Number of protein chains: 2
Amino acid sequence: MNDRATTTLDQVARQAGVSPSTVSRILNGTAKVSDAKRARVEAAIAALNYRPNVMAQNLARGRSMTVGVVTQDIASPFYSESLKGIEAALADTGYAPLFVSGHWNEADEIERVALLVDRRVDGLIVLTGMLPDEILLETAERVPLVVTGRQLAAPRVFSLDIDHEAGAHTATLYLIGLGHRRIAHLAGVQGHPDARARLAGYRRALDDAGIAYDETLVVDAQFNEEGGVAAIEQLLERRTAFTAVFAANDQSATGARLALYRRGIAVPEQVSLVGFDDLPGSLYCTPPLTTVRQPAYQIGRTAALALLEMMDGKPAPELSLSVELVVRESACAYSQP
Amino acid sequence: MNDRATTTLDQVARQAGVSPSTVSRILNGTAKVSDAKRARVEAAIAALNYRPNVMAQNLARGRSMTVGVVTQDIASPFYSESLKGIEAALADTGYAPLFVSGHWNEADEIERVALLVDRRVDGLIVLTGMLPDEILLETAERVPLVVTGRQLAAPRVFSLDIDHEAGAHTATLYLIGLGHRRIAHLAGVQGHPDARARLAGYRRALDDAGIAYDETLVVDAQFNEEGGVAAIEQLLERRTAFTAVFAANDQSATGARLALYRRGIAVPEQVSLVGFDDLPGSLYCTPPLTTVRQPAYQIGRTAALALLEMMDGKPAPELSLSVELVVRESACAYSQP
DNA sequence: CTGTTAGCGCGTTCAG
DNA sequence: CTGAACGCGCTAACAG
């Protein structure tokens, strides 16, 4: 069946003339072993090129040494950064991440979570997504859980969210400070919690500045480049004047930038543009995009670190990450035409 | 220790009043079972909300139902697409991918591969990377292997490469056809096989057109945005005239585009730009980037499909993927200044 | 310090 | 068609 030579712990024990438990002990440092036997065992291990079977260890220990991570799209420029942070935090801990994608689809996510639970992951990280809180709470009964992008208060849960409203408020206020009064907003997907929060921040900034909210300046947009293109086209068709655009995320900002380019509208000379997220690529847009930085890598790293604590039986730690405006070149002072 | 209720197969058997093997049988469809017992077992499964312990199944079956995937950077826009293809091909096959990053570092990769082998992955996919062929061949003795970005002829190995030389040749010829004669080349990383092949394609195109190779037009560049910026600056310092740039990958092309923007050099009016890869974002550059499309998603998908075949005991399939030039807006006909 | 004895939870003969 | 017995490879008491 399996033609690949695979040495077992028993074989090592036999070769070294000791019992299997002794081998196990020196492998895990579980107990003191005489130097003589230790040497013999180590020699045997080397000679046989023995490597423990992790699956068997897992079964015996009742732990899989894996943590499940449900992201929405493994190729998303934003979430990938978080995955990277998770990967880094888990490196050399013995835990391996199991990444699965939920595709912003509740049914998919439920299935993936089940898959991970069946594989007996020792912990779970859910990056945003569409799962209802109840399912998450239910899942937390079976395994330590970390969720991002939402607040969830429960015993074995650590939730990690940033203040999208404040970020949007800052961005909009920045544009206002630059002299803009007609600020369009690409509002993301209807009903998405992040979108809702960012819109709220936008509105509050307008309020603060005594600028009336004009709904013809606000348009929904998918959270991707295509959505940005479509949104700008829609805005242009409406023939509402605007001198700045605040996009609910960098990908739609990038799409917006292209749509403006296509119409021969210069950024930032004619229209200022601000995004949200600060994707790695946003620094290399032309012009480099001014945006609200969301620490995606840190989010992932922090999530993983918190999960490690929880898997260790410790309580979920406290902390908060903040967003900040990164001023680059896609927005400038409004100048009378 | 473990406070989470976990039902076992034995409990289901007891509850249904049958033997564990019967439960196992109906779980795996291994043999015919009387409808009466089947119904009882299914009821018990539902009542107890039983889910098989995958770790235990794996140990018993001798298969982990996982495939290892070593990528270089989990957040790389190029490789992420391949991961996505792998994920899609593996969906609903029962196999779960285990993604690890090698960071373009031989030592890291060796360690990661060992980690995957220890976890008893049933198959392995290595996306490019720095591993010497010997190590790969050695690994292939233990597990079915698929490698991309290189040619490796061996029994249990499937290698999948695209013709970088041809792609670069096509791109360069395209620029020549547009009337360009002074075509700079951002040559990627010294010694990288892809970089070498792409440079060769560039040179062959020049030869074909009877244009002398001018080494002052060629400059090394990291395969990222920063590398593109640096390369353009270096080129500009050399004060060699050029009317077009062929970058060895899209990320460096994007960096180049920004560097040109900074110097007030218009793309494509003053300098034409062509990249390589066709990253998802390249469609949304301003201007949209003309580039050589490398089917990253397909590569991943094909790799996974081939691996599935091999894990099934079938021989490695044959096939080849091709590159194609995607003409967009970053390059145009050369016009006398 | 060390060997022996039991499992971990399930798949798979092997007899019935 | 079904159950009993054994084994996957390793860890974890339990005696010595």
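Given the structure is predicted, the values throughout are model-derived calculations rather than measurements. A note on names: the letters A, B, ... follow the listed sequences, proteins ahead of strands, and every chain is numbered from 1.
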query = Given A:L98 and B:L98, is the side chain to side chain contact (heavy atoms under 4.5 Å, CB included) satisfied, shown in steps?
reply = CA-CA 6 Å; A:L98 216 43; B:L98 215 43; 2.9 Å; yes
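With hydrogens and angles ignored, the 3.5 Å screen pairs no side-chain donor or acceptor of A:T71 with any backbone N or O of A:I74.
Residue A:N28 is classed as a sugar-phosphate contact, given heavy-atom separations below 4.0 Å to backbone atoms only. At the heavy-atom level, B:P20 lies nowhere under 4.0 Å from the strands shown.
Side chain of A:T8, nearest nucleotide from C:dG11, C:dG3, D:dC10: D:dC10. Side-chain proximity of B:N53 to the nucleotides D:dG9, C:dG9, C:dC1 is greatest for C:dG9. Considering only side-chain atoms of B:A56, the nucleotide from C:dC10, D:dG3, D:dA12 that sits closest is C:dC10. Distance from the side chain of B:R25 is smallest to C:dT13 among C:dT2, D:dC10, C:dT13.
The phosphate of D:dG3 has OP1 or OP2 within less than 4.0 Å of a side-chain N or O from B:T22. Of the side-chain N and O atoms in B:S21, none sit less than 4.0 angstrom from OP1 or OP2 of D:dA4. Distances shown here put a side-chain N or O of B:K37 below 4.0 Å from the OP1 or OP2 atom of D:dG3. Residue A:S24 places at least one side-chain N or O closer than 4.0 Å to OP1 or OP2 of D:dT11.
Salt bridge status for B:R51 with A:D118: present, with a side-chain N to carboxylate O gap under 4.0 Å.
When all heavy atoms of A:A75 and B:K84 are compared, the pair lying nearest together is CB-CD, 3.8 Å.
Where B:L9 and A:G17 each meet DNA chain C at their nearest nucleotide, the meeting point lying more 5' is that of A:G17. Between A:L27 and B:K32, the one whose closest nucleotide on DNA chain D sits nearer the 5' end is B:K32.
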